[in-house]
Amino acid sequence: MTTTAHLLLEPLDIAQTLGCGQTFRWRPLPDGSWQGPLMDQLVTLSQRGPKLLIEAVPGGPTVRRLVSDHLRAQDDILAIQLDLIARDPVIARGIRELRGLRIVKLDEWECLLSFTLATYANIPRIAKMIETLATRFGKRINDGIFAFPTLTRMKTASRSELLRCGLGYRAKYVHAMCKRLSVADIERLKLLPYEELRTELRDLPGVGDKVADCVALFGFGKLESFPIDVWMERSLRRLYGQVGSYRKLSAFARDRFGKYAGYAQEYLYYNERAHAPNGACLFSEQ
DNA sequence: GCCCAGGAGTGTG
DNA sequence: CACACTCATGGG
């Protein structure tokens, strides 16, 4: 069976939001809609003017809420953008084309594992690693579609098994992380403010400054977090003349962009990739 | 073949 | 604190 629902969400650009590397499991379909697994649902999203059409298999009464939470429907995007524009004329120009780009909210565990895999790999490869893990360890939703593997299931995976999933040197980090972490730990982390959360995430094997900030932002919804990868280093150098350590760049961003630094980061990230040759298309094939 | 990737861990100055 | 080096591997 299938559940169909609608969601009014403005502004929203579904392609910018789901295709910009915040999340790795949504795929564009030929008709312009996007499809991906959300918890135990296979969801298809189609933009119809101001309305978002939701189709989900197997479906259920909570699907609409699932999508609403994932797209952070509670965010006042206009207020956030006005705040950033008032703070920084440089980013103001970059926002104009990105009014519908929203930060997403991922499941905490899915986000932690996904961005641990994302170290020193390009986005198509990250997506493939996640699909391989989901196929091997995730609960089946539909033909060829598997839910993201739970922590409980991942704790049973051996190092060699993970290595055979194409994780490379990340296999030992993932293995150590799964061994260390409990479901209760993640529940406890949900209660922490940004700085404390960041410190605890950094303590996990395979989690450094950048991954901790990505997980804080996309997994735990800490909008003040400002992850800095190679693309952001380029952006901060190109637009603001800023160079230096993670700590230094992070301090600059926090001071410059304030409590919505996470949104600022996403606008800068998108612009930097679009600015680079061959950088705009994160899904180059199919 | 070559280059690089939403970096982290470890050792050294 | 700052660098330098290694770590496995596949997509472009």
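Chain letters run A, B, ... following the sequence lines, proteins first, then strands; residues in each count from 1.
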Base, sugar-phosphate, or nothing for Glu266(A), non-hydrogen atoms under 4.0 angstrom?
-> base

Angle class for the Phe148(A)/Trp109(A) ring planes (parallel below 30°, perpendicular above 60°, tilted otherwise)?
perpendicular

Taken to the nearest whole Å, CG/Leu249(A) to C1'/dA2(C) is 14 Å

Against the side chain of Val230(A), the closest entry in dG7(B), dG9(B), dG10(C) is dG7(B)

Comparing Ile126(A) with Gly206(A), nearest DNA chain B nucleotide closer to 5' gives the residue Ile126(A)

Give Arg247(A) one of three labels, base, sugar-phosphate or nothing, depending on what nucleic acid heavy atoms sit under 4.0 Å from its own. sugar-phosphate

note: Tyr246(A), atom OH; dG7(B), atom C1'; distance rounded to Å ~ 10 Å

Q: Identify whether the distance between the nearest side-chain nitrogen and carboxylate oxygen of Arg198(A) and Glu224(A) falls below 4.0 Å.
A: no

Met129(A) atom CE is separated from dG11(C) atom P, nearest whole Å, by 10 Å

> Are side-chain N/O atoms of Thr152(A) and Thr150(A) paired as donor and acceptor at under 3.5 Å?
Replying inline: no

Check whether the aromatic ring of Tyr169(A) stacks on the base of dA8(C), taking stacking as ring centres less than 5.5 Å apart and planes within 30° of each other. no

| task | Run the salt-bridge test on Glu131(A) and Arg25(A) with the 4.0 Å N-O cut-off and return the result as yes or no. | result | yes

Winner on side-chain proximity to Tyr120(A), out of dG11(C), dA5(B), dG9(B), is dA5(B)

Next on the checklist: One thing to verify: whether Asp13(A) and Arg99(A) come together as a salt bridge, which I'm taking to mean a side-chain N less than 4.0 angstrom from a carboxylate O.
Outcome noted: no

Is a salt bridge present between Arg188(A) and Glu200(A), judged by a nitrogen-to-oxygen distance below 4.0 Å? yes

Against the side chain of Arg125(A), the closest entry in dG9(B), dT9(C), dG7(B) is dT9(C)

Rounded to whole Å, CZ of Arg202(A) lies from C1' of dG9(B) at a distance of 10 Å

From the candidates dC7(C), dA8(B), dA5(B), the one with an atom nearest any side-chain atom of Arg234(A) is dA5(B)

Per atom distances to the Pro124(A) side chain, the nearest of dG9(B), dG12(C), dA5(B) is dG12(C)

Do the side-chain N or O atoms of Lys128(A) get closer than 4.0 angstrom to the phosphate oxygens (OP1, OP2) of dG11(C)?
yes

We want to know whether Thr44(A) and Gln35(A) form a side-chain donor-acceptor pair, criterion being a heavy-atom distance below 3.5 angstrom. yes

Is any side-chain nitrogen or oxygen of Ser245(A) closer than 4.0 Å to OP1 or OP2 of dA2(C)? yes

Whole-Å distance, Leu167(A) CG to dA5(B) C1', equals 16 Å

If you look at every strand shown and take non-hydrogen atoms under 4.0 Å, does Thr116(A) touch a base, only sugar-phosphate, or nothing?
nothing

Quick check: Phe115(A) with Phe24(A) (ring centres under 6.0 Å apart)?
yes

Separation of dA8(B) atom C1' from Met177(A) atom CE, nearest Å, is 11 Å

To the nearest angstrom, the CZ-P distance between Arg170(A) and dA8(B) comes to 11 Å

Residues of residues 209-220 of chain A with a heavy atom under 4.0 Å from any atom of DNA chain B, listed by number, are Asp209(A), Lys210(A), Val211(A), Phe218(A)

To the nearest angstrom, the CE-C1' distance between Met232(A) and dG7(B) comes to 16 Å

